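Remarks on the structure that follows.
All chains are named by letter (A, B, ...) in the order of the sequence lines, taking the proteins before the strands, and each is independently numbered beginning at 1. None of the values given here were measured: they were computed from a predicted structure. Hydrogens, waters and symmetry mates are skipped; everything else that's a heavy atom, side chains included, is used.
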Amino acid sequence: MESNALMWFRKGLRIHDNPALDHARRGATRILYPVFVLDPRYLERDPSAFSPGSARSGLNRIQFLLESLADLDKSLRRLGSRLIVLRGGDPADVVIRILREWNIGKLCYEFDTEPYGQARDARVKDFASGSGIEVFSPVSHTLFDPAHVIQKNGGKPPLTYQSFVKLAGQPAPPIGQPFSSLPPVGDVGECENVGVPTIQELGYGSLGQVEFSPFRGGESEALKRLNESLVDKEWVANFEKPKGDPSAFMKPATTVLSPYLKFGCLSSRLFYQSVQEIYTNVKRHTSPPVSLVGQLLWREFFYTVAFGTPNFDQMRGNKICKQIPWSDDDKLLASWRDGQTGFPWIDAIMVQLKQWGWMHHLARHSVACFLTRGDLFIHWEKGRDVFERLLIDSDWAINNGNWLWLSCSSFFYQYHRIYSPVTFGKKYDPTGKFIRYFLPVLKDMPKEYIYEPWTAPASVQRRANCIIGRDYPRPVVSHESASKQCRLKMGEAYALNTASRGPWAARIWRSSAGNSEKTIQLPTRARDSNRNA
DNA sequence: TTAAGGTTGCAGTG
DNA sequence: CACTGCAACCTTAA
């Protein structure tokens, strides 16, 4: 029996290693609709946000998404198809509507582990199943199926990296691309204006002063960047994450493939396989957790814990999160967010975040530690929100996981180890090239004072054309006393957490837990993943 | 109960 | 750059 198929793109914005797309084109499919639905939750303009963009996304990531969609459309057209971009409200409602209107018999989409995606997909799947529509939803965003790893661990997610790695084993290889054309797209009925929009068409036209990220979106760009990253076999083999230079920005010390993994422009399985091939061809190579493959496994680790932990993205009701009485100070928070703390190393990183949507991993550590347990003692959820909005690689599981880590709320507990907002950056960049680039107001400050400009004599400040307190802020805290206070407060909070670990502690979790009871959608079983024609 | 280990601290020394 | 001492957290495995 002939039927129309719908390939619903969300993440997984690629042609290669895309099992859902592969399944959609197979069998008796005569008509294939490749669809992406613009989600107002991420794209609707919010003038009240602290930077241009929507409530949840800055312009850099919106632009990255649109570039990824345009590239996907181009690739689909080469295969005789095209991308249909739909507007009109909640994506689940839109998809349910077109399932009926376009007489869809087969619905394919990549499995999504995030709570928002789970709820969205549950609605669509329920409708489709009730209407006799075949649903195929394979795991292809991650190397492993988080549900399967949790099952192997006795129903609980592994909470240490090492135990996760032991459990995970080897990932499946990417699927080949055994097709050179796709079925044609059918009539889109009453849907109008189904092309990939420009950022101006989304209502962001008047905001031209924003500096856009140097990183362009899309699968083509992802594969190009992957190949360029892997050209230097020695570099790949000797990669050690903690030894990277967070101040390198003209040529970043990492691959910057994270935004492509986030949107699925790049398959993690292809990345994994490509690195493994290099490993087999060199004498020796580094290992997890510090190696390049180790970085991919960190991603898997956080995806798995996030999938199996209710309320993972908040302190309350999160069983793996220390309960810490963070302080509430909107002025201090704003100074951090806007790059106005008076610590050039911190502020330059925050400006890079705003302008590029990307910073080195250790730079993220530096500013996250400063905001939370290191200096300002502000809630990690506030910092998480800022990162989530501004990063082009913003990823729910990884971002929350790392904020839990850096704030010593989970995974990592050595709260006495605090990054210095002065000396940490100086180790890598003694002359302050990074600071001068992202904070031009300090470009003429002598290197002796570039990390602590408030210590520069007035005459030096005048010569550098930068008066501290007028052209650049004084430090919002004294690092010496603030970090000392933070250590004390962390010690007290930890003691309370330990004391409340009795049988009555469960009440705390239950009384503060929000809507942790949610239906979890399971992926289409692996054996249904039909790789053979 | 104890010992070992944990991707990425800092300051000082050679 | 590699090593030490510093002060010291948690979880896991025995």
Side-chain angles (χ1 to χ4, degrees), chain A residues 153-154 156-168 237-248 252-255 258 275 285-302 304-305 309 318-324 343 345-346 349 359-375 398 401-430 451-452 478-501 505:
Chain A
N153 197 44
K156 287 165 139 183
L159 292 176
T160 64
Y161 180 81
Q162 303 288 4
S163 61
F164 171 82
V165 171
K166 256 185 245 163
L167 216 58
N238 296 321
F239 184 91
E240 279 186 76
K241 185 64 158 288
K243 292 197 177 161
D245 177 356
S247 72
T254 55
T255 61
S258 52
V275 177
H285 61 83
T286 51
S287 298
V290 296
S291 64
L292 208 46
V293 155
Q295 304 314 303
L296 273 171
L297 296 176
W298 277 107
R299 177 174 182 265
E300 299 292 316
F301 170 67
F302 285 127
T304 305
V305 183
T309 307
N318 180 348
K319 281 188 185 171
I320 66 168
C321 181
K322 295 264 182 214
Q323 304 298 301
I324 296 169
F343 289 94
W345 170 248
I346 300 296
I349 295 167
M359 324 89 100
H360 185 274
H361 186 66
L362 289 178
R364 301 183 194 199
H365 276 219
S366 224
V367 296
C369 179
F370 184 87
L371 179 75
T372 57
R373 66 182 170 86
D375 289 87
I398 302 171
N402 277 302
W403 276 98
L404 284 163
W405 184 294
L406 255 297
S407 64
C408 283
S409 297
S410 197
F411 308 114
F412 177 79
Y413 307 97
Q414 290 172 263
Y415 60 79
H416 282 268
R417 296 189 183 173
I418 292 174
Y419 291 89
S420 163
V422 172
T423 59
F424 182 72
K426 211 186 264 183
K427 274 190 301 194
Y428 301 95
D429 182 15
Y451 283 86
E452 297 168 282
S478 145
H479 174 63
E480 282 63 40
S481 59
S483 58
K484 202 178 267 177
Q485 283 299 311
C486 281
R487 281 192 177 98
L488 284 173
K489 284 190 257 189
M490 289 298 285
E492 286 166 15
Y494 268 39
L496 274 173
N497 276 271
T498 311
S500 65
R501 225 199 256 148

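The nucleotide whose nearest atom lies closest to any side-chain atom of A:Thr160 is, among B:dT8, C:dT12, C:dA8, C:dT12.
Although no hydrogens or angles enter the test, the distance criterion places a donor-acceptor pair under 3.5 Å between the side chain of A:Thr286 and the main chain of A:Ala237.
Taking the salt bridge (Lys or Arg N to Asp or Glu O under 4.0 Å) definition, one finds that A:Arg299 meets it with nothing, sequence neighbours left out. By the salt bridge (Lys or Arg N to Asp or Glu O under 4.0 Å) test, A:Lys243 pairs with A:Glu240, sequence neighbours left out. Shown here are the salt bridge (Lys or Arg N to Asp or Glu O under 4.0 Å) partners of A:Glu492, two or more places apart in sequence or in another chain: there are none. Scanning for side-chain contact (heavy atoms from CB on, under 4.5 Å) contacts around A:Ser420 gives A:Val422, A:Thr423, A:His479, with sequence neighbours left out. Taking A:Phe411 as the reference, A:Phe301, A:Phe302, A:Val305, A:Phe312, A:Ile320, A:Leu404, A:Trp405 meet the side-chain contact (heavy atoms from CB on, under 4.5 Å) condition, with sequence neighbours excluded. Considering only residues two or more places apart in sequence or on other chains, A:Glu300 meets the side-chain hydrogen bond (donor to acceptor under 3.5 Å, both in side chains) condition with none of them.
Sorted by first and then second residue, the salt bridge (charged side-chain N to carboxylate O under 4.0 Å, His left out) pairs with a member in residues 406-421 of chain A form an empty list; sequence neighbours excluded. Under the side-chain hydrogen bond (donor to acceptor under 3.5 Å, both in side chains) criterion, the residue pairs touching residues 364-374 of chain A are A:Trp345-A:Ser366, A:His361-A:His365, A:Arg364-A:Asp393, A:His365-A:Tyr419, with sequence neighbours excluded.
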Close N/O contacts between protein and nucleotides 9-11 of chain B (under 3.5 Å):
residue	atom	partner	partner atom	Å
B:dG9	O3'	A:Ile418	O	3.2
B:dC10	OP1	A:Ser420	N	2.5
B:dC10	OP2	A:Lys427	NZ	3.3
B:dA11	OP2	A:Thr423	OG1	3.1

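Residues from residues 285-297 of chain A placing a heavy atom under 4.0 Å of any atom in DNA chain B, listed by number, are A:Pro289, A:Val290, A:Gln295. The stretch residues 361-369 of chain A does not touch DNA chain C, since none of its heavy atoms comes less than 4.0 Å from the strand.
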* Structure fact -> Dot-bracket assigned to DNA chain B with the 3.5 Å Watson-Crick/G-U criterion, [ ] for crossing and | for other-strand pairs, is ||||||..||||||
